[in-house]
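Counting starts at 1 for both ligands and their atoms, following the listed order.
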Amino acid sequence: MSFSDLGLLPELLRAVADKGYDTPSPIQAQAIPAVLSGRDVLAGAQTGTGKTAGFILPILQRLVADTAHGTSRAPRALVLTPTRELAAQVAESARSYGKYLQLHTYQVFGGVSINPQISNLRSGCDVLVATPGRLLDLAQQRCVDLSKIQVLVLDEADRMLDMGFINDIRKIIRLLPQKRQNLLFSATYSDDIRGLAERLLHDPLSIQVAPRNAAIELVEQCAYRVQKEQKRHLLVHLIQEGQWHQVLIFTRTKHGANRLTQQLEGAGIKAAAIHGNKSQAARVKALDMFKRGQVTALVATEVAARGLDIKELPQVVNYELPNVPEDYVHRIGRTGRAGAAGEAVSLVSGDEAGLLRDIERVLKRSIPVLQTPPFKIVESAPLPAGQGNRSGERPGADRPQGQGRPPHNGNSHGNRGSDRRDTRRGPAQGARGQGQQQRGRFN
Ligand code: AMP
């Protein structure tokens with residue numbers, strides 16, 4: 001099948017061809033005709049499946065065909081996304097797919113000044129991409145007219161619910177016309193999503209694209225067992241020994257992301273953090289530097305990384321395992337995209353053994369636990385009295401064994417996979433306590 005079989009306008013086909021896409025992805029092949037026909041859609045699809053074009057292309061086409069709106073410049077399509085990054089990416093997609101059409105897309109999200117958004121909205125747009133909180137602010141200040149919306153998209157609806165946006169979404173929906181087309185995209189189907197879909201959608205076409213397993217097959221996954229406090233040392237070792245040039249690292253907390261960034265920098269690895277406490281400008285800058293290769297390690301929290309479209313990312317590290325197994329799938333979905341192989345490495349401490357099992361249950365496969373390579377323990381620089389642990393590392397200062405730290409180098413591994421050797425990375429160097437094992441902490 002080709003894009004021209006889907007009934008798209010020549011202007012859209014041209015824009016798709018400019019991107020170099022010749023074959024619609026499975027979600028696109030199903031969603032595009034359904035959306036063009038005006039049907040509601042419930043789609044189980046994750047980032048990386050091509051879902052954005054799956055809804056944006058037919059929406060643009062419907063807006064072009066709609067000539068009844070006269071001179072009104074109020075938005076006619078609304079896409080709600082959980083994060084600013086995803087909003088910016090969806091808007092960018094809409095602009096690039098719509099570049100041969102006379103349609104205008106605008107995005108609004110929190111974390112940046114509201115005033116320019118107000119003035120931009122005044123000049124009007126056809127497609128509005130928004131995060132729920134900011135959109136509601138704008139609506140409450142009467143700076144946006146949602147009464148002309150014909151198509152509503154909830155993108156990554158599961159994530160929006162996880163982030164507590166349900167009330168904002170309900171309030172926004174009340175501001176929309178009753179008669180409209182609704183598209184709901186969600187990576188997972190919780191009871192909450194099912195409930196939302198039942199209330200929102202009318203006779204929807206349900207589309208379920210293979211839960212990324214096809215893509216996940218391309219990702220080489222492995223785990224190392226390592227004590228929590230030694231993860232950073234192992235990570236530095238993996239980055240340096242593997243000569244990784246672009247690695248996305250997931251931490252659970254914003255504070256953890258900042259701390260790890262400093263620690264990596266201290267070890268001579270160029271790193272930047274991306275999380276909700278960073279200004280939009282700082283996030284864009286960090287992402288940009290990462291994409292350009294000026295930063296080796298981008299340390300991100302789950303939410304901040306959501307929707308990041310970084311092509312063919314070679315390495316993803318789960319510095320901490322996610323509590324929700326599906327998030328693991330999202331995370332590793334950052335790598336091995338568009339047919340390129342990638343590698344996802346998880347650093348698993350003893351208290352995370354259960355989380356690893358949960359992930360394996362969801363994946364329906366086991367993640368090989370490789371023998372943890374010997375790695376250097378590099379001592380932190382002493383902190384001035386009364387300060388938190390925010391210092392970097394003193395490169396090259398090997399920790400004398402047995403001083404204040406557990407007397408092993410993280411080279412612990414459980415039963416599973418303990419006979420497996422990581423032959424991909426070659427011999428580790430400069431290790432202390434090589435071969436030491438600590439049994440019994442992991443199960
Ligand atoms: P998405 O799932 O919408 O985040 O898209 C994931 C990535 O796939 C983006 O980089 C798109 O530009 C790319 N993409 C979308 N559709 C296609 C296609 N039909 N063929 C190849 N790449 C695509």
Side-chain angles (χ1 to χ4, degrees), residues 1-8 12-33 35-36 41 43-61 77 79-99 105 107 127 129 153-160 183-188 207-216 218-219 246 248 287-288 290-291 300 303-314 316 326-327 329-342:
M1 180 186 278
S2 74
F3 277 97
S4 52
D5 299 326
L6 297 175
L8 291 169
L12 293 170
L13 292 175
R14 220 170 118 204
V16 168
D18 286 354
K19 291 218 167 217
Y21 308 154
D22 44 21
T23 313
S25 69
I27 183 91
Q28 291 163 357
Q30 295 176 74
I32 291 172
V35 178
L36 281 178
V41 167
Q46 297 166 356
T47 299
T49 53
K51 67 183 168 66
T52 315
F55 63 80
I56 282 293
L57 287 167
I59 285 177
L60 294 175
Q61 179 148 334
V79 183
L80 293 180
T81 71
T83 64
R84 322 162 190 192
E85 282 79 11
L86 186 58
Q89 274 172 28
V90 170
E92 183 44 42
S93 289
R95 279 189 279 268
S96 75
Y97 291 122
K99 66 182 175 181
T105 297
Q107 76 268 22
V127 180
V129 187
V153 183
L154 299 186
D155 193 11
E156 301 198 353
D158 49 348
R159 181 59 40 163
M160 286 199 279
L183 315 176
L184 191 155
F185 288 77
S186 180
T188 54
I207 302 172
Q208 178 68 51
V209 293
R212 274 204 70 83
N213 283 345
I216 285 171
L218 288 170
V219 180
Q246 199 184 38
L248 178 62
L287 184 59
D288 192 52
F290 183 58
K291 283 184 171 179
V303 164
R306 220 31 216 197
L308 290 185
D309 183 19
I310 305 162
K311 290 220 168 55
E312 298 170 15
L313 193 54
V316 167
E326 283 79 6
D327 284 345
V329 180
H330 287 299
R331 288 178 176 191
I332 75 164
R334 308 283 148 199
T335 162
R337 312 187 81 181

If you count the atoms of ligand 1 from 1 in the order shown, which ones are under 4.0 Å from a heavy atom of [X]?
X: T23; result: 18 (C), 19 (N), 20 (N)
X: F3; result: 19 (N)
X: S25; result: 19 (N)

*Locate the shortest heavy-atom distance separating T23 from Q28; write the atom from each residue and the value.*
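In this case the closest contact between T23 and Q28 is O-OE1, 4.4 Å.
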*Of the non-hydrogen atoms in S25 and G50, which two are nearest, and what is the gap between them?*
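In this case the closest contact between S25 and G50 is OG-CA, 4.1 Å.
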Please report whether ligand 1 has a polar contact with [X], defined as an N or O pair separated by less than 3.5 Å (distance criterion only).
X: G50; value: yes
X: Y97; value: no
X: T52; value: yes

Check: [X] side chain, [Y] main-chain N or O, donor-acceptor pair, under 3.5 Å:
X: Q246; Y: F290; value: yes
X: T81; Y: D155; value: no
X: Q61; Y: I32; value: no

*asked:* Counting only heavy atoms, tell me which of F55, F185, Y21 gets closest to atom 17 (C) of ligand 1.
replied: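 That would be Y21.
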*asked:* Minimum distance, heavy atoms only, to atom 15 (C) of ligand 1: which one of K51, Q89, Q28, E156 is it?
replied: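 Comparing heavy atoms across K51, Q89, Q28, E156, the nearest one to atom 15 (C) of ligand 1 lies in Q28.
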_Would you compute the distance between atom CG of L154 and atom CE of M160 and round it to the nearest 0.5 angstrom?_
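That separation rounds to 4.5 Å.
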*Hey, what do you get for NZ (K19) to OG (S93), rounding to the nearest 0.5 Å?*
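So the gap between those two atoms works out to 5.0 Å.
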_Side chain, backbone, both or neither: V16 near ligand 1, heavy atoms under 4.0 Å_ =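 Neither part.
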